[in-house]
Asker: 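Here's a structure for you.
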Amino acid sequence: MTAGTAVRGSRARRFEPASYERKWRDRWEREGLYVARDDAAGEKHYLLTMYPYTSGDLHVGHWYAVTGPDIVARMRRMQGYNVMFPMGFDSFGLPAENAAIDRGIHPAVWTSTNIDRMRAQFRTTGCSFDWSRELASSDPGYYRWTQWIFLQLYRAGLAYRAAAAVDWCPKDQVVLAREQVLGTERRCWRCGTPVDKRDLEQWFFRITNYADELLSGVDGLDWPEPIKLMQRNWIGRSEGAEIDFPVTLPDGSNERIRVFTTRPDTVYGATFMVMAPEHPLVSVLTAPERRTDVEAYVSAARRQTEIERLSADREKSGVSIGAYATNPMTQEQIPIWIADYVLMGYGTGAIMAVPAHDERDYAFARRYDLPIRYVVLPRGGSPPEGEPFVQHTADEVLVESGEFTGMPASEAIGAISRQLADLGLGGPAVTYRLRDWLVSRQRYWGPPIPIVYCNEHGAQPVPESELPVQLPADVNFAPTGVSPLQSHAGFLRATCPVCGASARRETDTMDTFVDSAWYYLRYASPKNDTRAWEPEQVREWLPVDLYTGGAEHAVLHLLYGRFLTKALRDLGLLSFDEPWLRLRNQGQILGADHARMSKSRGNVQNPDDLTAAYGADTVRAFLMFIGPWDQGGPWSPTGIDGIHRWLGRVWDAALPATDGARDTPGDEDLLGTGDEMTRALRRATHVAIAGVTDDYEGFRFNTAIAKLMELTNAIVREREAGMAGSRGYAQAVDALLLLLAPVAPHIAEELWSRRGRPYSIHRQSWPIHDPGLAAATTIELPVQVDGKLRDRLVVTPDTPADEIERLALGSERVQAYLGGRPPARVIHVPGRLVNVVTPRH
RNA sequence: GGGCGAGUGGCGGAACGGCAGACGCGCCAGCCUUAGGAGCUGGUGUCGCAAGACGUGCGAGUUCGAAUCUCGCCUCGCCCACCA
């Protein structure tokens, strides 16, 4: 503060956020106030919010997502933690490539322009990000290590290549991305030809190896329960048995078809068998006279999307292949069918159909007139009419099941599994819904998979010393439907690391989820160019103590990161099991039309106008005040004036008579014990300290702000009572500013400075709550009669229970309801209420 | 179809099984102003002049006491959607 500003008087004393917000942000940035230091004192606290996709502009949803964790980060620093709160950009992905195709802007240019704009916009939020650790996943200095991780997984057998079905245009002879297949007729976006499925070699990560640990590890995480449940369901563990059904091939040799079932107790009711159309034994087993029908069905099934195939209420369809398998328990010959309701990707790709005890098998059997045999029934019960018996109660027994007849179904599951195992025809088994992670993308804007193909030596990993495999800049983005890398001669040219012969480079790039599966590790040592992360710094900072982001990442991203952590741990590269110990989801801010914000809907809310009009603090506080942070809701600026008025009242209450003149007492004792406050103010202050701290920790920012408003109102009342010059008043204002600093960092700093307090408020200690000072001197106790409020008692907190009950019964209102009779009961919850129960009750 | 949430004033929303509606918006009245879409003060769940009665989607139940717990139903949202 110069003398000049003070002389100019009233104008400089007005509440005008624009006059100071930028000033403080620049100073915090210049002085590195939020730069996390490896060697700083205090317990480490790694707070991370999901890095955003580089879509272009920040909207209110970004502000909303980021302000919550910023409040917690700021409080943690003031509480003495050594906080790391980094930010970066998820900058690979399809929209960048589409911008190149549609508008001729190179993805790298589009991306870096957007990053620059978003970084500048993030700065206007006043968030305390450590920008010295910024990263972008499309930076070669980053994706080099994404490729390195791929190689580690490859060497460990956790990355492998296998055929997988992709959409294929038979006319253009190209692979299509999901969104390039249009309409329910599934036509190529370029030529309109109906697309086909084609099996192509693709790269996978073997996440299924970790299915069990990913499932059990969920239990120990401090995550929202719905997210944990979604992870469990996604992994989808099923216990049951695998059972082999012997078949004789046309050439006379013997083969077995293995099925998975959760109901081995129903094996005696398996009257036919269904295989997925893609099952490898289908073509071998199909009888010559059935071949035409079978091939037609298989190719029709291939054309459908998974979604169509699995869509609900669709009538079951299938064809018989004219072959038979042996039910291993009944020794019956049962017909084999193929049907698209059996999925190649789950279990073994074949099922034993038990129409009596499965809805789907039942529907299929009815349609194709296949036998239905009930083998499990309630004890003494009879088969239901016109429906399968799928219910699992405690008291069911097997019928028509050979030696197992009469056995309770719950026992039979284990008994039959064991007998099958003894016979060498299967046994107990566990299956997961989770599939391996397909990481190949036939796209340009992603990290190239570091593999080359040699005619002699096949697929070979690129030596680590040659990383990164750089994306070439000079590529043609004409919309051919093929990855531009496939037509780039210089990129394709490679040498075999084994023999040195010329080789062809892999043109697939990696899914962007691979980038985001490890970025939280990179922040610990973001500048390191000799390794992906520095073990010592990872040991210091990881795992992440608190992770925040949208619930839309409940399964994919959050599962991939957990998988990668475990895989890298097993390679000896990390020493912890879970990357994110505590997770909190923010709700989604919808457009004013209650729909998800999107450019195409035109309902995207850009907060720049609001920020210009009210300042960043008001926008932050408003967003945090509108409701529970994890709930979100439709956007409406209604009520932002109320927040602005509140900050204006804080301004008026905290502004000293003369700026920076230290004419308010208390500077040597910022909060003190509050001894000199009036009772009411002291109590209000300590109640606020306790409540606001607790609310911030629990992500209840809306109620925290309500409590800050209440403290403000108490302070204003004090001022109206003429206490503004007192030490107690100054102490209360200081406490308010300290509690406010995480939500509204600029105004807190400005007022702190004008009050002559030492820079920076964001480096001060967090106020300590004193329960003794928060306690009330008198309490008002509701008195109920039969649960209805009838009177109130005003007593001191230490009034003995019998005295309170005597007072309650003595109340005129209570006596009126009792009508002279003695009460049937008196319920006294100390400190809460007294409830008098009348006799008739 | 299955799973998980959520239904509270005109609005956003508060409320360890214990005073329903904190805090704010809006609205009403008053004050101050040449003026105000500024500021300040007070009021504001519904019905009622009042005493009072009734009130947390609907219906039951548990309890001295239920927005909160249990069961059934209705509505909305999200997730998974033929997973054997």
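By convention in this document, chain letters (A, B, ...) are assigned in the order of the sequence lines, proteins followed by strands, and residues within each chain are numbered from 1.
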Asker: Does any residue of residues 710-718 of chain A have a heavy atom under 4.0 Å from RNA chain B, and if so, which ones, in number order?
Answerer: A/Glu710, A/Asn713
Asker: Is there a side-chain polar atom (N or O) of A/Arg649 under 4.0 Å from OP1 or OP2 of B/G24?
Answerer: yes
Asker: Rounding to an integer number of Å, can you tell me how far A/Leu623 CG sits from B/C23 P?
Answerer: 22 Å
Asker: Identify which nucleotide among B/C19, B/C54, B/C80 has an atom closest to any side-chain atom of A/Trp234, counting heavy atoms from C-beta outward.
Answerer: B/C80
Asker: Tell me every residue that passes ring pair (Phe, Tyr, Trp, His ring centres under 6.0 Å) with A/His279, counting only those two or more places apart in sequence or in another chain.
Answerer: none
Asker: Rounded to whole angstrom units, what separation is found between the CZ atom of A/Phe15 and the P atom of B/G39?
Answerer: 12 Å
Asker: Roughly how many Å is it from CG in A/Leu647 to P in B/C23, rounded to a whole number?
Answerer: 17 Å
Asker: What I want to check is whether an N or O donor and acceptor connect the side chain of A/Arg433 with the base of B/C80 at under 3.5 Å.
Answerer: no
Asker: Hey, does the side chain of A/Arg360 come within less than 4.0 Å of B/A84's phosphate (OP1/OP2), counting only N and O?
Answerer: no
Asker: Only counting residues at least two apart or in another chain, list the ones meeting side chain to side chain contact (heavy atoms under 4.5 Å, CB included) with A/Arg825.
Answerer: A/Ile827, A/Val837
Asker: Would you give a per-nucleotide map of nucleotides 4-14 of chain B, 5' to 3', where B means the base has a protein non-hydrogen atom under 4.0 Å away, S means only the sugar-phosphate does, and - means neither?
Answerer: S-------BSS
Asker: Any side-chain N or O of A/Ser238 under 4.0 Å from OP1/OP2 of B/A84?
Answerer: yes
Asker: Provide the distance between the two P atoms, one in B/C71 and one in B/A6, to the nearest whole Å.
Answerer: 14 Å
Asker: List the atom pairs, with distances to 0.1 Å, where a side-chain N or O of residues 622-630 of chain A and a protein N or O form a donor-acceptor pair under 3.5 Å, not counting sequence neighbours.
Answerer:
| residue | atom | partner | partner atom | Å |
| --- | --- | --- | --- | --- |
| A/Trp629 | NE1 | A/Tyr64 | O | 3.0 |

Asker: Determine the minimum heavy-atom distance between A/His828 and A/Ile804, stating which atoms define it.
Answerer: NE2-CG2, 3.7 Å
Asker: How would you label the contact of A/Arg790 with the nucleic acid (heavy atoms, under 4.0 Å): base, sugar-phosphate, or nothing?
Answerer: sugar-phosphate
Asker: Anything under 3.5 Å between a protein N or O and an N or O of nucleotides 26-33 of chain B, put it in a table, one pair a line.
Answerer:
| residue | atom | partner | partner atom | Å |
| --- | --- | --- | --- | --- |
| B/G26 | OP2 | A/Arg645 | NH2 | 3.2 |

Asker: Looking only at atom types and distance, does a side-chain atom of A/Thr799 sit under 3.5 Å from a main-chain N or O of A/Val795, one as donor and one as acceptor?
Answerer: no
Asker: Looking at A/Ala732 and A/Ile715, what are the two nearest heavy atoms and their distance?
Answerer: O-CD1, 3.7 Å
Asker: Between B/C73 and B/A50, how far apart are the P atoms? Round to whole Å, please.
Answerer: 43 Å
Asker: Please report, rounded to the nearest Å, how far the C1' atom of B/C80 is from the CD1 atom of A/Ile227.
Answerer: 13 Å
Asker: Closest approach of A/Phe389 and A/His357, non-hydrogen atoms and distance?
Answerer: O-ND1, 2.8 Å
Asker: According to salt bridge (charged side-chain N to carboxylate O under 4.0 Å, His left out), who are the partners of A/Asp609, at least two apart in sequence or on a separate chain?
Answerer: none
Asker: Apply salt bridge (charged side-chain N to carboxylate O under 4.0 Å, His left out) to A/Glu239 and list each qualifying residue two or more places apart in sequence or on a separate chain.
Answerer: A/Arg237
Asker: Syn or anti for B/G17? Use the chi torsion, O4'-C1'-N9-C4 for purines and O4'-C1'-N1-C2 for pyrimidines, with syn inside 90° of 0.
Answerer: anti
Asker: What is the separation between atom CD on A/Glu552 and atom P on B/G77, rounded to the nearest whole Å?
Answerer: 18 Å
Asker: Would you write the dot-bracket representation of RNA chain B, where each base gets (, ), [, ], | or . depending on whether it forms a Watson-Crick or G-U pair under 3.5 Å and with which partner?
Answerer: (((((((..(((.....[....)))((((((.......))))))(((....)))..(((((..]....))))))))))))....
Asker: Under 4.0 Å, counting only non-hydrogen atoms across every strand here, what does A/Gly642 touch: a base, just sugar-phosphate, or nothing?
Answerer: sugar-phosphate
Asker: Can you give me the closest heavy-atom contact between A/Val555 and A/Met230, atom names plus distance?
Answerer: CG1-O, 3.6 Å
Asker: Determine the Euclidean distance between corresponding C1' atoms of B/C25 and B/G13; express it in Å to zero decimal places.
Answerer: 10 Å
Asker: Quickly work out the A/Leu789 CG to B/A53 C1' distance and round it to whole Å.
Answerer: 14 Å
Asker: For A/Asp791, which residues count as a salt bridge (charged side-chain N to carboxylate O under 4.0 Å, His left out) partner, sequence neighbours excluded?
Answerer: none
Asker: Please list, chain by chain and in numerical order, all residues satisfying ring pair (Phe, Tyr, Trp, His ring centres under 6.0 Å) with A/Tyr210, sequence neighbours excluded.
Answerer: A/Phe563
Asker: Between atom NZ in A/Lys228 and atom C1' in B/G3, what is the gap in whole Å?
Answerer: 17 Å
Asker: When rounded to the nearest Å, what value does the distance between P atoms of B/U8 and B/G77 take?
Answerer: 15 Å
Asker: Rounding to an integer number of angstrom, what distance separates B/G3 and B/G52 when you compare their C1' atoms?
Answerer: 47 Å
Asker: Starting at CZ of A/Arg813 and ending at P of B/A51, how long is that distance when rounded to a whole Å?
Answerer: 11 Å
Asker: Both A/Thr262 and A/Arg792 contact RNA chain B. Which one's nearest nucleotide lies toward the 5' end?
Answerer: A/Arg792
Asker: Nearest heavy atom decides the nucleotide; on that basis, is A/Ile643 or A/Ile351 closer to the 5' end of RNA chain B?
Answerer: A/Ile643
Asker: For B/C47 versus B/U34, give the span between their C1' atoms, rounded off to a whole number of Å.
Answerer: 44 Å
Asker: Can you figure out which of B/A84, B/C19, B/C54 approaches the side chain of A/Lys788 most closely?
Answerer: B/C54
Asker: When rounded to the nearest Å, what value does the distance between P atoms of B/C32 and B/G48 take?
Answerer: 34 Å
Asker: Donor-acceptor pair, distance only, cut-off 3.5 Å: does the side chain of A/Arg821 make one with the backbone of A/Leu818?
Answerer: yes
Asker: Give me the ring orientation class for A/Phe260 and A/Tyr346: parallel if the planes are under 30° apart, tilted from 30 to 60°, perpendicular past 60°.
Answerer: perpendicular
Asker: Considering non-hydrogen atoms only, spot the tightest contact between A/Ala714 and A/Ala684 and give its length.
Answerer: CB-CB, 3.8 Å
Asker: Between B/C83 and B/A60, how many Å separate the two C1' atoms, rounded to a whole number?
Answerer: 38 Å
Asker: Check every atom of B/G18, B/C64, B/U41 against the side chain of A/Arg825 and return the nucleotide holding the closest atom.
Answerer: B/C64
Asker: Which residues pass the side chain to side chain contact (heavy atoms under 4.5 Å, CB included) test with A/Glu359, sequence neighbours left out?
Answerer: A/Pro388, A/Val390
